[in-house]
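First comes the structure, then the notes that go with it.
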Number of protein chains: 2
Amino acid sequence: MKQYEHPPAEAFQLTAILHALSDPYRLSIVQKLSVLQPQPCAPLQGDRPKSSVSHHFSVLRKAGVVRTLVVGVTHMNSLRDAELEARFPGLLKTILEAAAQSAGLPAQG
Amino acid sequence: MKQYEHPPAEAFQLTAILHALSDPYRLSIVQKLSVLQPQPCAPLQGDRPKSSVSHHFSVLRKAGVVRTLVVGVTHMNSLRDAELEARFPGLLKTILEAAAQSAGLPAQG
DNA sequence: TGCATAGTTCGACAATAATCGAACTATCAG
DNA sequence: CTGATAGTTCGATTATTGTCGAACTATGCA
């Protein structure tokens with residue numbers, strides 16, 4: 001049950017995080033994780049082939065946005081929200097709010 | 001004195017903004033603007049050739065991060081902070097704080 | 001009109017990133 | 001060991017970005 005490498009919070013790079021979140025597909029993964037966590041890759045896959053999904057998760061992992069825990073045969077992903085919050089306070093939350101806002105402003109109008 | 005096109009705030013795309021800010025050079029421009037605004041391109045140029053600088057400003061403009069006002073022979077740039085704040089509350093501020101934090105935590109240690 | 005300044009546009013090239021099929025690895029069930 | 005499942009790695013292709021010199025545009029000043 002080999003695990004992944006994850007950068008420590010001190011090594012997080014703001015530009016890498018912004019880049020990771022600047023892709024709509026990856027941003028949508030992060031949004032989904034923010035409401036249900038942890039979650040395997042499969043239900044987050046959408047219509048993409050597995051190799052693409054794997055690539056995007058790897059970008060998210062390397063940026064420090066997501067942590068992947070190998071448990072049995074599935075890979076459980078969760079946001080590294082506490083570490084992100086400690087390193088870059090408010091960043092993830094603000095971006096998620098902005099994302100929620102831009103994608104069909106919920107039940108208000 | 002022809003002016004530039006700038007997207008209206010309603011057309012801002014979160015992913016485009018994140019992408020614009022995910023480049024270290026562009027992020028540094030935005031940081032400099034945040035402390036002194038408005039400012040022409042020249043003093044923000046760093047060591048890059050004019051054509052590169054122009055390209056990066058164009059990315060920032062198209063994303064809605066920067067507004068460029070042509071006044072006489074210089075192009076005065078400022079952040080569209082109020083509009084950004086209205087559209088994506090806290091986003092720019094949080095990113096700027098994160099940027100300040102990651103680039104050499106000031107006088108503390 | 002002529003020249004300097006500030007910045008853009010063009011076009012070519014280099015580097016980075018996204019996409020996807022196919023083959024592979026690891027774990028679990030039988 | 002066999003088969004199934006979950007996801008990765010590889011390698012090739014394409015698309016998007018960044019970079020920069022050279023030519024260009026617009027304004028201001030003499």
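Order of the sequence lines sets the chain letters (A, B, ...), proteins ahead of strands, with each chain counted from 1.
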### Task
Over all heavy atoms of both residues, which pair between A:Arg80 and A:His6 is shortest? Give the atoms and the distance, please.
NH1-CB, 3.6 Å
### Message
Can you measure B:Tyr25 atom OH to D:dC20 atom P for me and round it to whole angstrom units?
### Response
10 Å
## Note on the structure
note: A:Leu21, atom CG; C:dA18, atom P; distance rounded to Å ~ 12 Å
### Task
Whole angstrom is fine here: how far is it from NE2 in B:His19 over to P in D:dA15?
17 Å
### Message
Rounding to an integer number of Å, can you tell me how far B:Leu27 CG sits from D:dG18 P?
### Response
13 Å
## Note on the structure
Shortest non-hydrogen pair, A:Val65 vs A:Ala20, comes out as CG2-CB, 4.4 Å
### Task
Could you check which of C:dT8, D:dT9, C:dA18 has an atom nearest any side-chain atom of A:Ser54?
D:dT9
### Task
Answer yes or no: does a side-chain N or O of A:Tyr4 lie under 4.0 Å from OP1 or OP2 of D:dT8?
yes
### Atom-pair distance (CG on A:Asn77; P on D:dA6), nearest Å
14 Å
### Message
Could you work out, with side chain to side chain contact (heavy atoms under 4.5 Å, CB included) as the rule, every residue matching A:Gln37, not counting sequence neighbours?
### Response
A:Ser78, A:Leu79, A:Asp81
#### Entry: Interface with DNA chain D, restricted to residues 56-67 of chain B and to heavy atoms under 4.0 Å
B:His56
### Message
Any heavy-atom pair between the side chains of B:Thr94 and A:Ile95 that's under 4.5 Å?
### Response
no
### Task
Please state how far atom CD in A:Gln3 lies from atom P in D:dT8, giving the value in whole angstrom units.
12 Å
### Task
Would you check if A:Gln39 and A:Leu33 make a side-chain contact, meaning some heavy-atom pair closer than 4.5 Å?
yes
### Message
Could you tell me if the side chain of B:Leu60 sits less than 4.5 Å from the side chain of B:Val30, heavy atoms only?
### Response
yes
### Centroid-centroid under 6.0 Å between A:His75 and A:Phe57 rings
no
### Nearest-angstrom distance from the residue atom CE of A:Met76 to P of D:dT8
14 Å
### Task
In whole angstrom, give the distance that lies between atom NE2 of B:His55 and atom C1' of C:dT9.
13 Å
### Message
Just verifying a value: how many Å separate B:Leu84 CG and B:Ile17 CD1, rounded to the nearest 0.5 Å?
### Response
5.0 Å
### Message
If we check side chain to side chain contact (heavy atoms under 4.5 Å, CB included) with B:Val59, which of these qualifies: B:Arg61, B:His55, B:Lys62?
### Response
B:His55
#### Entry: Residue-level proximity of residues 38-53 of chain B to DNA chain D when a heavy atom falls under 4.0 Å
B:Arg48, B:Pro49, B:Ser51, B:Ser52
### Non-neighbouring partners of A:Lys50 that pass salt bridge (Lys or Arg N to Asp or Glu O under 4.0 Å), sequence neighbours left out
none
### Query
Looking at A:His75, does any N or O in its side chain come under 4.0 Å of the phosphate oxygens OP1/OP2 on D:dA6?
no
## Note on the structure
Residues passing the ring pair (Phe, Tyr, Trp, His ring centres under 6.0 Å) test with A:His56, sequence neighbours excluded, are A:Tyr25
Listing time: all N or O pairs from protein to nucleotides 2-5 of chain C that are below 3.5 Å?
none

